[in-house]
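Counting starts at 1 for both ligands and their atoms, following the listed order.
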Amino acid sequence: MRVLASAPAKVILFGEHSVVYGKPAIAAAIDLRTYVRAGFNENGAIKIEARDIKVPGLTVSFSENEIYFESDYGKAAEVLSYVRQAIELVREEADKRKGVTVSITSQIPVGAGLGSSAAVAIATIGAVSRLFGLELTREEIGKLGHKVELLVQGASSGIDPTVSALGGFIHYENRKFERLPFMELPIVVGYTGSSGSTKELVAMVRRTYEEMPEVVEPLLVAMGRIVEKARGLLLSEVEERARFEELGRLMNINHGLLDALGVSTKKLSELVYAARTAGAVGAKITGAGGGGCMYALAPENQSEVATAIKIAGGVPMITKISREGLRIEEVKP
Ligand code: MEV
């Protein structure tokens, strides 16, 4: 039997960094996907083939705790530890002795802040659990994905695997998730081509916060209020154009506050301003900053905004919100 599953990338729409201080955040799944094909193998090992994960192709295989072959590519190796952990968690629930081969292809750039690790973990859990005949809900798969993140990276809010498993819009506050109603949001993601270290950026904001809490606290409070206003807009019946305009204004304010915290870069701000100049109603960093991605809300002119991002030196991705999270694409006997 072979199972093919896919899971989407995500963008944090509002609330990165302030979420670390107990404020809310809103994230959404986008229609860039990671595909994982899973089947049993004869030799009892975990075998991972990563043919196209936006780093040169490689094959790695593990048996017990031995690694047969490992790649030099740091980023790819990091992705593979999520895959391996995901397979092991499912095997523990089902049958630890059975060998599993998974093969991965992905449209999501690794290390860009678009949740590539969570997507690969969720698609792997989805494919492998189905292979073993386990009946898991998307919520349960999201929770297992969070467990994988905790095991691999030590700390995680769980927002990425939850969004990737469930799809659509998720409001997150203090470990509680709320699904917001689905709507089309015409966005363009702009990748700077480099990645910042989330760990270092979070630590840098923490230092500034500790050194001058009376200055930083009001910024974080404002970011929390932006999220609540955005949630209200996503829940309201307001006319579409007015909703986009209002969300765009909130994005611009949120970007300014993130810049004030020191997590923007020259390149990120260039992409943000290029998008706004080309007619986006709003543009901001998405994720930890220091490189990675920005996104723009462009209801009428996605392709002009994408061109502006390209001219400013970024990699544009015209994308849509993905209503669907984890998807079982194909089951072959
Ligand atoms: C990174 O995608 C988002 C941050 O808020 C960190 C976190 O929530 O753990 C910067």
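- Using a distance-only test at 3.5 Å, with no hydrogens or angles considered, a donor-acceptor pair links the side chain of Asn41 to the main chain of Ala45.
- For ligand 1 and Glu16, the ligand atoms under 4.0 Å from any heavy atom of the residue are 5 (O).
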Could you check Phe132 against Phe40 for ring-ring contact (aromatic ring centres under 6.0 Å, His included), going step by step and ending with a plain yes or no? CA-CA 9 Å; Phe132 277 103; Phe40 290 121; 5.2 Å; yes
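- Electrostatic pairing of Arg37 and Glu330 counts as a salt bridge here, judged by a charged N lying under 4.0 Å from a carboxylate O.
- For atom 3 (C) of ligand 1, the nearest non-hydrogen atom of the protein is Ile12 CD1, 3.7 Å.
- The atoms of ligand 1 that sit less than 4.0 Å from any heavy atom of Val19 are 5 (O), 8 (O).
- Among all protein heavy atoms, the one lying closest to atom 7 (C) of ligand 1 is Val20 CG2, 3.9 Å.
- Ionic pairing of Lys284 and Glu16 is present here: one or more N-O contacts between side-chain nitrogen and carboxylate oxygen are shorter than 4.0 angstrom.
- The hydrophobic clustering, which links ILVMFWY residues whose side-chain heavy atoms are closer than 4.5 Å, places Leu4 and Ile125 apart.
- Looking at atom 1 (C) of ligand 1, its nearest protein heavy atom turns out to be Ala288 N, 3.8 Å.
- No cation-pi contact links Arg241 to Phe244, judged by a cut-off of 6.0 Å to the six-membered ring centre and 45° from its axis.
- Ligand-side atoms of ligand 1 in range of Gly287: 2 (O), range being under 4.0 angstrom from any heavy atom.
- Counting the atoms of ligand 1 from 1 in the order shown, those under 4.0 Å from a heavy atom of His17 are 4 (C), 5 (O), 10 (C).
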